[in-house]
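Down below is the structure, laid out as structure tokens.
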Amino acid sequence: MSDIAIQVSNVTMKYRIASEKLDSLKNYFIKKIRKEIQYEEFHALKEVGFSVNKGDVFGIIGLNGAGKSTLLKIIAGVLKPTQGKVVTKGAIAPLIELGAGFNGELSGVENIYLNGLLMGYSKKFVKDKLEEIISFSELDKFIHTPLKNYSSGMKARLGFSIATVIQPEILIVDEVLSVGDFKFKEKSEKKIKSMIEDEGTTVLFVSHSLSQVERICKNALWLEHGCVKKIGKVEEIISEFKNNA
Amino acid sequence: MDIYFKNLYKYKDLFFELVRKDIKLKYKNSILGVLWSMLNPLLMMVVLSLVFMEFFKNNIPNFPVYVLIGRLVYQYFSEATNFAMDSINVNSQLIRKVYVPKYFFPLSRVVSSLITTILTLVPLALTMVITGLPLRWINLMIVFPLFYLLVIVAGVGLLLSAITVFFNDMKHMYSIFLLLLMYMTPIFYPASIIPEKYLTLIKLNPIFPIVEMFRDFLMYNTMPDISAHLYLIMNMVIYGGIGLLVFYKTQDRFVYHL
């Protein structure tokens, strides 16, 4: 199908964990030569495969350590999977960590540019959106202040505004709707809803708040110990998850 | 391969922004700002000239220009490579969270240092005129050694930034290496005092022929041998190639070590 926005096929992520702590180079070489270093293999993800249609709102649920964040990082292109492939269509805005590219020494405006460019947009595009970003973040007064003087709530607001105003095709939301005060929380949830409904943005949504997932998502994926436990309609997945977990 | 060029095109604005940011942050909160790029070498030249002309009584003709050229080349090499070395570690926050072409970080620093170095050419030209060296068209030929230098620095910068991710001790080792390199380059002494038996060893240092070529174009108005160009092109390919290769092969593993 041509309107698949994210295609994850057979993704496996393997980590090697050294079974004992090696704290010096000498130690390392001695052990290496004697072949005493033993690695344990740890599968953060095991043959995960699914696809998300364009405009879909896709929830990912699972207990801590199920591999949700690893999966999101692979989709965002930060990690390379040991095996398998991820194909995405269109610009991705990772809300994984709001304002990941912020620099404290630069002012708000400069950070908006830097962040927009980090997501792969052109300078002109960011310039066109600048007004809207500033007004959505409600930071007009402080926008020329160096970011190091911002409060954490202000930073989060700025990050959220950049990621959403810029209208990415794919939005990755990882537990961020809890930023800011209740007013901004409401505003941001509304913004995400309008992105979904009016602009056809594909959203990957990860949260521990099952009620929020149920409210926002259509389909969901349940991860358990790195494996896909079930994919399907959000209501079914959540009720089963509640019973089993 | 295609995807690399597409990415490069897509993120080109980011590259320029990173360069701009580097320059801006370098002179942040200083009153004279970017003027320091010109003032600093000038003051340095005065100090070095005083020490080496008055105390050591060397007989290099036009010592101020001589030392400025040597300093310019060496300073660019050491500043840019040192700056690039840290670049992956400094941006670890970013690399762990969003996808960005990682080679942008060392390369943007190499380019931003180049821009401040090019500013140094202004006091250099000024010193040349004051000391009675007329400016000529041949002076413009310095774009050749400057380009060789840029590629070599980029290669070394990529290599160092990749190594430092896995091996943090590199930073401390490299400062010693830079000191060695400084004394292996005729910055304030004439190349003629180097004993014959060390000459081949010293010529392995790619900075040496670059400094000589700069001086040929700026002070002696002579065209260097074609062999000098070929030697530097060879160096360019080796350093650039090794840097790219090591960086390319290791970049996917950076994220586990940051």
Side-chain angles (χ1 to χ4, degrees), chain A residues 13-18 24-25 28 44 69-70 72-82 86-88 90-107 110-127 146 148 159 162-163 168 172 174, chain B residues 3-30 33 86-88 90-105 108-109 112 163 166-170 172-173 248-258:
Chain A
M13 191 72 198
K14 233 182 333 194
Y15 288 104
R16 283 197 319 179
I17 309 169
S24 78
L25 206 60
Y28 176 80
S69 293
T70 310
L72 289 188
K73 281 189 176 174
I74 290 174
I75 292 171
V78 179
L79 292 176
K80 230 184 189 168
T82 327
V86 174
V87 182
T88 52
I92 301 181
L95 279 191
I96 297 177
E97 210 75 35
L98 283 174
F102 280 161
N103 185 316
E105 302 292 341
L106 299 175
S107 74
E110 286 167 321
N111 269 300
I112 292 177
Y113 275 111
L114 193 61
N115 245 271
L117 296 175
L118 278 171
M119 291 179 198
Y121 291 100
S122 70
K123 197 156 187 174
K124 193 181 161 297
F125 183 85
V126 181
K127 198 174 180 176
K148 59 183 173 189
I162 297 170
I172 299 180
D174 186 3
Chain B
I3 188 156
Y4 286 103
F5 289 112
K6 243 188 234 160
N7 253 337
L8 186 63
Y9 182 75
K10 182 176 165 196
Y11 282 96
K12 67 178 186 327
D13 283 355
L14 173 65
F15 188 78
F16 296 124
E17 189 64 27
L18 285 176
V19 171
R20 235 173 53 91
K21 186 191 88 179
D22 283 344
I23 295 176
K24 206 174 160 144
L25 290 183
K26 186 171 173 187
Y27 295 108
K28 187 188 68 90
N29 287 346
S30 73
D86 271 354
S87 61
I88 299 291
V90 168
N91 289 297
S92 63
Q93 283 292 318
L94 254 178
I95 291 171
R96 274 190 310 202
K97 284 164 192 162
V98 275
Y99 169 79
V100 196
K102 296 179 195 59
Y103 57 86
F104 272 26
F105 299 117
S108 75
R109 292 186 154 194
S112 65
I163 293 175
F166 304 101
F167 186 58
N168 221 333
D169 309 37
M170 199 65 205
H172 309 285
M173 282 163 62
Y248 177 76
K249 288 279 179 201
T250 53
Q251 61 174 353
D252 290 334
R253 299 210 312 271
F254 287 175
V255 72
Y256 305 123
H257 293 264
L258 290 172

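Every chain is numbered from 1 and lettered A, B, ... according to where its sequence line falls, protein lines coming before strand lines.
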Worksheet item: So what's closer than 4.5 Å to chain A heavy atoms on Lys24(B): side chain, backbone, both or neither?
Response: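 Contact with chain A: side chain only.
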Side-chain donor-acceptor pairs under 3.5 Å in residues 117-126 of chain A, sequence neighbours left out?
{"unit_1": "Ser122(A)", "atom_1": "OG", "unit_2": "Phe125(A)", "atom_2": "N", "d": "3.3"}
{"unit_1": "Lys123(A)", "atom_1": "NZ", "unit_2": "Glu17(B)", "atom_2": "OE1", "d": "3.0"}

Item to complete: Report, as yes or no, whether the 6.0 Å neighbourhood of atom NZ on Lys127(A) holds more than 12 heavy atoms from other residues, nucleotides or ligands.
Response: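 Result for NZ/Lys127(A): open.
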Worksheet item: What is the distance from atom CG of Leu94(B) to atom CZ of Phe102(A), rounded to the nearest 0.5 Å?
Response: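 Result: 10.5 Å between the selected atoms.
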Worksheet item: Most heavy-atom pairs under 4.5 angstrom with chain A, which of Leu18(B), Asp13(B), Asp169(B), Val100(B)?
Response: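 Answer, by heavy-atom pair count under 4.5 Å with chain A: Asp13(B).
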Which pairs of donor and acceptor atoms, one on a side chain in residues 249-258 of chain B, lie under 3.5 Å apart (sequence neighbours left out)?
{"unit_1": "Thr250(B)", "atom_1": "OG1", "unit_2": "Val246(B)", "atom_2": "O", "d": "2.7"}
{"unit_1": "Thr250(B)", "atom_1": "OG1", "unit_2": "Phe247(B)", "atom_2": "O", "d": "3.4"}
{"unit_1": "Asp252(B)", "atom_1": "OD2", "unit_2": "Lys80(A)", "atom_2": "NZ", "d": "3.1"}

